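Report on the following structure.
Residue numbers begin at 1 in each chain, while the letters A, B, ... track the order of the sequences. Since we're looking at a predicted model, the values are computed, not measured.
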Amino acid sequence: MVTGDQRRARGGSQINLLRPGRGVSLPNFMKLWSQYFIPTLKESPSDAEIASHKLLVRAGLVRKLGGGLYTYMPLGLRVMQKITQICREEIERGGGIELEMPHLHPVENWQQGPRWAAAREIMFRADSAGDGKRGPREPEYVLGPTHEEVVTPLVKQEITSYRDLPKNFFQIATKFRNEIRPRFGLMRAREFVMMDAYSFDATDDGAIKSYQAMKAAYEAFFRRIGAQAIAVEADTGVMGGSFSHEFMVPAEIGDDDVIYNEESGYAANREKATSALVPADLKDSEPAGALEEFATPGVVTIAALEAAPYSVVADKQFKTLVYVGDGKPFLVILRGCDELEEAKLGSLGFTLFRAATADEIEPVLGAKPGSLGAVKGTIKNPSALAGIYADGAIRLIGNGTTGANKDGFHLRNVNVTRDLAVTKFGDFRRVRPGEPDIKSGRPLQVRRGIEVGHIFKLGTKYSEKFGAMYTDDQKQSHLMVMGCYGIGISRTMQAVIEQSHDNDGIVWPWNVAPFHVLICVLDPLVAEAMDLAKKIAVAAEKAGADVLIDDRAERPGVKFKDADLIGIPLRLTIGSKGMKDGIVELKWRSSKDVAKVPLAEIEARVAALVTEKQASA
RNA sequence: CGGGGUGUAGCUUAGCCUGGUAGAGCGCCUGGUUUGGGACCAGGAGGUCGUAGGUUCGAAUCCUAUCGCCCCGACCA
C-alpha cells in the first residue's frame, strides 16, 4: 500500500493532491527561498504599462519569450495550478467530466465546421518544421484555438442514445490564437491556458439546465479564487448560438464596456446592451408635410448639416450606412446622433460582414457617402440590396432629414413609415450611459471590465454540421443541443493581480497564493532561528498551508520588500529582537497591523489561523 | 492591418538634435565594514549600440531598408 505522503514524496499525481473540503494545496514540503527560484526585480520592465503586468514580471511569476508568449516561472506556475485545481473542482461539481483533447487539429475538422471562414484568421497553421514548407501530400494541421470542432465529432462517434445524455466534457489546456495584437502580458496572449467545457443535451430545456449549472459553477469558481467577477449578458460573436453571458472582472484596463444598473441588476456588454430609450408604446408620427429636396453643396457629415444655414439637429437626421454581408450590400439606418454598434449586426444572420467601400456604394445608391438615404424611389439599384435594416430609435425622429442619393442634395420631411423602405427594424445602436434601464427605467452606467469567462448556449449549430444525433425512446433521431463554456485561466491570474494589489506589490487571496505562509528569518545563520522557522513551518503544513521560508543572506529591508512584492498572505518574522523578547511577529499582507506572538504559542496560533483559512476556502 | 512610439551590458537607462570611436544606476564576482523596510567602501567582469546596406577620413548618432517590441483602433478567454 502506498500512502499519500509517499505518493507526494515521489512527485505524486495531481489527483492525489486533492484534499476534499480543505481548499487547494500543492505538493507541500516547505520551500527554502535560497534554494528555490523567485527572481524579483526592483524596477518594472520597460514593456509593461499596467500594474498587473509589471507585478507579474517583478514578482518573478512570468518571463516573456516573445509577443504574447510567456514562461510561467515557478511561483507563477504554482498560482496557475491552484486556479486550475479550483476550476476543476467547481466544473466537476457542476457536472463536468474532464478529458484532454489534442492541441494539433487536422484542418479538415475546421473546414467541416460552421465557422472556418471566420476562425481561420486567428489560427496558427502547423507545418512540418523541416524546411518550412508543407508538401502538397502532407496532412495539414492547425493549433487549436478552442475545441468545438474536435469534441462534437467525438461525441457524434461515442454517443447515440438519449440514455447517455446529458454529458458535459471539459479540459484545462493550452490554447493558441494568433491575436492580431497581444496586449498587457497575459491579458491577451497568443498562447494561453483555458478551461473549455462543452455540454450536450437531448432537449433545449436540458441545454438551459446545463447552461445554468455552468453559470453557477463559474460563480462558485470566481468566489473561491477571490475574484469579483460579475455575469453580464453578452454577444455571441463568431461562436454563434442563442444567448450567452460573460464574466467580467471590473478594471479600468479592461477591453470591454459593461453597461449596468446597480439597483435593477441589469448588466450587459456594450455590444449587447439595450435601453428603454424607445418606449414600447411609441406611436409613429404623422407626416409633417410633403417630401422636399434641397441643395446641400459640399455637406457630407452630420455635423455640417447641423450647422447654419441648414441647422438640422443630429437627433432629426437619418444616418444611412452601407455594409456588405456575404458579398451583398445592405443598409443600416440610425439616428444622426447615434453610433452603430457593429456587433449587433450579427443578429442579421450574415456569416461575414464589413463596411462597404465608397466604390461599392455609388453604383447601388447613386451617390457618394454623405448624401445617402433610404427613401423609397431614390435608391438607384434597390434590387442589389440584401436588405434595409433600421434601428428602432429612428421612429423617435418621425419627420426628419436624410440624403437624397444625389450628390449635394438632401430630403426633408422624411417620415419613417411613409417614406422609408425598411426591411426590418432592430436594435443596432450603441447604448449610452444615462439612458433608461429596460428593467427599472433608472439611468444606465458604464464601466470597464476584463472578460475572464464566457458561457454560450449554442443550440444545434455544431451538432448539425457534424451530425451529432441521438435516438430517443420513440426511436426518433434528434440533433443534440450544445453549450460551450470558457474560462481564461492565465488571464484570470492576471485579473486577480489587477484587482488585488497595492503600491508595494501583489496581495494574493488565500486560495490562489503561491504560498500561504512566508517565514522571514532575518538571521538565517542563527541555528535557533532556523530551527524555530522549521517548527512553525511544520505546524503550518500540518494545518494545510504551503510554506516558504526566506532564509536568504539578505538584509531585512530586502526581505520585507520582496515579501510585499510577492504578496504571500501571512508573514511571520523571526529576528534577533523578537527572539530576545521571546516573540515572533505575525502580519497579514492585507493589513498594516503586526501582532507579537509569544514563542510558546506561535505554532498553535499559526496552525489555528491556517486551519480557519483553509476551512473557509 | 492602419496610426503613434521604441530598440544601447542580465534589468532600468544617458548619449543621438549639432558625427570624433560608449557612460551611469541596479544586478553579478572578490575583499572589507554593516545588519528590522531595497546599506556602504574598494576592486572587477560584462556592450556585434536590433539587423543589413549607404553617406563620410570617421557613424550609437545622418540616410534607406528590414526585423523585434510597446501603445491606440477592429477581434477574443
Side-chain angles (χ1 to χ4, degrees), chain A residues 39-50 53-54 57-58 60 63-69 87 118-119 121-123 145-147 172-197 218 229 234-239 244 246-249 253-256 269 271 342-343 346 353-355 449-456 484-495 504-505 520-526 552-565 571 573-580 585 587 592 594:
Chain A
T40 59
L41 299 174
K42 276 192 200 176
E43 288 173 294
S44 294
S46 57
D47 57 10
E49 296 235 333
I50 65 168
H53 185 191
K54 289 177 182 172
V57 180
R58 285 192 57 210
R63 285 293 185 263
K64 183 168 76 175
L65 172 64
L69 300 171
C87 185
E121 302 295 324
I122 60 148
M123 285 195 281
T146 166
H147 282 70
I172 299 173
T174 302
K175 296 284 179 281
F176 302 87
R177 293 187 190 173
N178 192 10
E179 293 291 346
I180 306 161
R181 187 158 89 83
R183 249 160 72 94
F184 296 151
L186 302 179
M187 289 300 293
R188 195 193 300 166
R190 291 202 163 97
E191 187 183 318
F192 60 98
V193 176
M194 179 164 107
M195 186 294 298
D196 48 323
Y218 273 44
D235 185 67
T236 53
V238 71
M239 196 66 78
S244 91
E246 285 171 348
F247 282 76
M248 295 282 195
V249 169
I253 55 95
D255 276 348
D256 297 88
N269 190 303
E271 294 183 347
E342 222 172 69
F353 58 85
R354 58 171 173 83
I450 302 166
E451 183 188 344
V452 286
H454 205 155
I455 56 180
F456 299 87
C484 72
Y485 317 90
I487 291 176
I489 300 288
S490 42
R491 178 183 284 181
T492 295
M493 170 162 78
Q494 187 169 351
D504 296 316
C520 285
V521 183
L522 300 187
D523 308 293
L525 294 178
V526 176
R552 294 174 300 167
E554 291 287 351
R555 295 165 58 87
V558 173
K559 296 192 177 204
F560 293 141
K561 286 288 183 190
D562 273 346
D564 288 344
L565 181 59
R571 187 184 88 192
T573 306
I574 299 173
S576 51
K577 278 186 185 173
M579 293 284 274
K580 213 180 296 168
E585 288 167 37
K587 178 182 174 299
K592 293 281 170 220
V594 177

Is A:F192 stacked on the base of B:A77, with ring centres under 5.5 Å apart and planes under 30° apart?
yes
Classify A:R571 by what it touches in the nucleic acid, base, sugar-phosphate, or nothing, heavy-atom distance under 4.0 Å.
base
At 4.0 Å (heavy atoms only), tell me whether A:P45 reaches a base, stays on the sugar-phosphate, or touches nothing.
sugar-phosphate
Interatomic distance where CG belongs to A:D255 and P belongs to B:C76 [whole Å]
11 Å
Comparing A:V558 with A:I489, nearest RNA chain B nucleotide closer to 5' gives the residue A:V558
Pick the C1' atom in B:U61 and in B:A22, then give their distance to the nearest Å.
11 Å
NA contact type, A:E179, heavy-atom cut-off 4.0 Å: base, sugar-phosphate, or nothing?
base
Using a cut-off of 4.0 Å on non-hydrogen atoms, how would the nucleic acid contact of A:A48 be classed: base, sugar-phosphate, or nothing?
nothing
Any idea which of B:C70, B:A77, B:G37 is nearest the A:D47 side chain?
B:C70
What contact category does A:K64 fall into here, base, sugar-phosphate, or nothing, at under 4.0 angstrom with non-hydrogen atoms?
sugar-phosphate
Contact class for A:D196 (heavy atom, under 4.0 Å): base, sugar-phosphate, or nothing?
nothing
A:T573 has a side chain; which of B:C76, B:C72, B:G36 sits nearest to it?
B:G36
For A:N178, which contact category applies under a 4.0 Å heavy-atom criterion: base, sugar-phosphate, or nothing?
nothing
Starting from C1' on B:G36, measure out to NZ on A:K587 and report it in whole angstrom.
14 Å
Can you work out whether A:E342 or A:G486 has the more 5'-proximal nearest nucleotide on RNA chain B?
A:E342
Nearest to the side chain of A:H454, heavy atoms from C-beta on, is which of B:U12, B:G27, B:A77?
B:A77
List, with names and distances, any nitrogen or oxygen atoms from the protein found under 3.5 Å away from nitrogen or oxygen atoms belonging to nucleotides 33-35 of chain B.
residue	atom	partner	partner atom	Å
B:U34	O2	A:R555	NH1	2.7

Checking all strands, does A:S44 fall into the base, sugar-phosphate, or nothing category for heavy-atom contacts under 4.0 angstrom?
sugar-phosphate
If I pick the C1' atom on B:G5 and the same atom on B:G50, what distance separates them, to the nearest angstrom?
16 Å
Taken to the nearest whole Å, CZ/A:R552 to C1'/B:G37 is 13 Å
Nearest-Å distance for atom pair NZ/P, residues A:K580 and B:G36:
11 Å
Mind checking A:G575 for me? I need base, sugar-phosphate or nothing, with any heavy atom below 4.0 Å counting as a touch.
base
Quick one: A:N269 CG to B:A74 P, roughly how many Å, whole number?
12 Å
With respect to the side chain of A:E585, which nucleotide from B:G38, B:U13, B:G36 is positioned closest?
B:G36
Per A:D562 side chain, nearest of listed nucleotides B:G38, B:C69, B:G36
B:G38
Could you check whether A:I487 gets within reach of a base, just the sugar-phosphate, or nothing at all, counting any heavy atom under 4.0 Å?
nothing
According to a strict under-4.0 Å criterion, is A:R58 in side-chain N/O contact with OP1 or OP2 of B:C11?
no
Taking atom P in both B:C49 and B:A42, compute the distance separating them and give it to the nearest angstrom.
31 Å
From CD of A:E43 over to C1' of B:U13, roughly how many Å is that when rounded to an integer?
8 Å
In whole angstroms, how far is the C1' atom of B:C75 from the CZ atom of A:F353?
12 Å
Measuring from the side chain of A:E49 (C-beta onward, heavy atoms only), which nucleotide among B:G25, B:A77, B:C71 has the closest atom?
B:C71
Please report the distance separating the P of B:G15 from the corresponding atom of B:A24, rounded so that it comes out in whole Å.
15 Å
Looking across every strand, which nucleic acid part, if any, lies under 4.0 Å from A:M187 by heavy atom: base, sugar-phosphate, or nothing?
base
Hey, does A:F184 reach any base, or is it just sugar-phosphate, or nothing, if we go heavy atoms under 4.0 Å?
sugar-phosphate
Can a donor-acceptor pair under 3.5 Å be found between the side-chain atoms of A:R181 and the base atoms of B:G4?
no
Examine B:G38: is either OP1 or OP2 under 4.0 Å from a nitrogen or oxygen in the side chain of A:K559? Give yes or no.
no
